[in-house]
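Here is the structure we will look at.
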Amino acid sequence: MEHSRRKFLAGLAATTMFATVGVAGTTVIQTITVDGKRYAMIHDETLCIGCEACVDACRETNNVPEGVSRLEIIRSEPRGEFPDADYKFFRKSCQHCEDAPCVNVCPTGASFIDTETGIVDVDPDRCVGCMYCIAACPYKVRYIDPVTKSADKCDFCRKTNLAKGQLPACVQVCPTQALIFGDLNDPNSDIVQTLQQKTVYRYKKHLGTKPKMFRVPDLKGEIEL
Amino acid sequence: MMESLHHALHFDSLVWHWPIAVYLFVLGISSGAMCLALVIKWKLSAQESAAKNPLIIAAAILVPSMVILGLLILIVDLTKPLDFWKVIFYQFANPKSVMGRGVTLFLLYQIATFAWIAIVFREELMALINRFMPWLLKTPGVLWLWNTIDKIEKPLEISIAILAVLLGVYTGFLLSALTAYPLLNQPVLPLLFLASGLSSGIAATIILAAILFSAKADTFGMALSHRLEQPIAWAELALLMILIIGMNFGGEMDKLAIEAAFWGGFWANLFWIAVVGIGLFLPLLMNQLASVKLKHCNTFILSSAILTLIGVFSLRMFILYAGQMTPA
Ligand code: SF4
Ligand code: SF4
Ligand code: SF4
């Protein structure tokens, strides 16, 4: 199934449309292939304005209860002097590690990597809530869902938007197109194209987790890994 | 003071709380008590009955009850305690999971140790069964099974020794599998926990044997226990030094983790005072200084064992909490 970004945008507010075309140098059309293999995401920290629209969209789409969140946008200390001060933003969410510590430690197999999509997910029925995965995740993005009492985290909208052939909610809603989602196995995907053009880094890559969350660094400061 | 205690017990990167430390502690006791009981039994002369030895009796009580207690703690600590059967049912779904392999180990260990108890205390158990449920012995297969395990006593004991050592190292591997925390992700952790588990198993067995089964300093196995205690304590000290020095040779996060854990703060104090001071040095020192007469006094034996237990439990708490203080 091919879906163009335009289709997704059609339903969005006009302001979002404006912002989307307003950003120079980003790919406007993103395509996703639902039967692809290795879904990944880019967070372009140079484009992120810290509006947290993604956080709200995720909560709404995936029915995430209050008190927990699948993603956070962490704001740095201000850089420079007021009124010229600005911030760096860091997206804290599941990295969909290819060698995922959460999956490796899970005693019941509730944490798993979906072989069709490469997405790391949790089977809430199978999970007993031992919290081993929460301790094992080096990115500290997992939580116990207060309603289901199971471990949970970002699933790239696997059970919601992706299942409907749409882009993840956070990607759809981002007004500056700071989030790019796609299949690493598809050389024509926007994510692969962008990865070829931009300098990216991956958080805590040295731990050998092979994270699939790429970040375009906001180069005005040192990159913290 | 309360403020700093609150910070020491609640921080962002803390996932596993004190029940896990208790869990690791009681499993260590079971593993250590089992090893001690086997060593004593192997040294007993043929005329002496293992079933009459206070230390072996105490260990036979500790070994299964501590594993059951550990499992109960683990289950109650789940967010879905009623789903605990899934851990057993799906234990092979992820062959790589340390916790999953732990569950397999518990099952084997529990079965094997019950079989061992059935052999060692055969006469006593027979008498009990005859009195309270005589039908059991008439049930087909029961006596046959009992006689069969009787015949494999030696191989069974060797398997149990292996399982007990595995249980001891498992408590360390459970934590050392966590790449997310540099202080926990250390290869010496399983050995350290094995050694401290042995210490605590010996100490707990001595305490129980002395209080309930009137073990004295001249009870067979008591001298042996004391002879084992000291080298194990030295080994623990050595492993702790290797941990600290080794991590100082490591990367940035290793160094930060060491600094946060061992120098300054609540957990550092607990480590130096309770783990090293009370748990290791004090018993070693007491043994060096005490006269032979004093060493034969029960109060002396008990206090030394209690100090060891305090030290081992503090070590579990320290590693668990201080380990989670510094994420990778
Ligand atoms: S980021 Fe954490 S939760 Fe996500 S796959 Fe990696 S280890 Fe698992
Ligand atoms: S909390 Fe659930 S998903 Fe996580 S390791 Fe335990 S059983 Fe697996
Ligand atoms: S991909 Fe979906 S689940 Fe993940 S953070 Fe975005 S909206 Fe939430």
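Per chain, numbering begins at 1; letters A, B, ... match sequence-line order.
- If you tally non-hydrogen atom pairs under 4.5 Å between each of B/Leu14, B/Leu174, B/Asp12 and chain A, the highest count goes to B/Leu174.
- Only the backbone of A/Thr148 comes within contact range of chain B, with at least one heavy atom under 4.5 Å from a heavy atom of that chain.
- Chain B forms more heavy-atom pairs under 4.5 Å with one residue of A/Val103, A/Leu207, A/Asn104, A/Asp125 than with any other, namely A/Asn104.
- Taking each heavy atom of A/Ile73 and A/Glu52 in turn, the nearest pair found is O-OE2, 3.5 Å.
- Of the listed residues (B/Tyr181, B/Phe84, B/Tyr90, B/Phe92), the one with the most heavy-atom contacts under 4.5 Å to chain A is B/Tyr90.
- Per-residue counts of heavy-atom pairs under 4.5 Å with chain B were compared for A/Ala136, A/Gly109, A/Gly208; the largest is that of A/Ala136.
- Heavy-atom distances place the side chain of A/Ile144, and not its backbone, under 4.5 Å from chain B.
- Between the CG atom of B/Leu189 and the OG1 atom of B/Thr171 there is a distance of 8.0 Å, given to the nearest 0.5 Å.
- The aromatic rings of B/Trp267 and B/Tyr321 lie parallel to each other, with less than 30° between the two planes, well short of the 60° mark.
- Checked against the 6.0 Å centroid threshold, B/Phe262 and B/Phe318 count as a close aromatic pair.
- Chain B forms the most heavy-atom pairs under 4.5 Å with one residue out of A/Thr209, A/Thr108, A/Val128, A/Ile134, and that residue is A/Val128.
- Contacts between B/Leu82 and chain A at a heavy-atom distance below 4.5 Å are absent for every atom of the residue.
- Considering every non-hydrogen atom in both A/Lys153 and A/Cys94, the closest pair reads NZ-SG, 3.2 Å.
- With a threshold of 4.5 angstrom between heavy atoms, A/Cys137 approaches chain B through N, CA, C or O but not through any side-chain atom.
- Within a 6.0 Å radius of NZ in A/Lys140, other residues, nucleotides and ligands contribute more than 12 heavy atoms.
- Of all the listed residues (B/Asp83, B/Leu74, B/Leu178, B/Ile88), the one sharing the greatest number of non-hydrogen pairs under 4.5 Å with chain A is B/Leu178.
- Ring orientation note: the planes of B/Phe89 and B/Trp85 are nearly perpendicular, at an angle over 60° on the 30°/60° scale.
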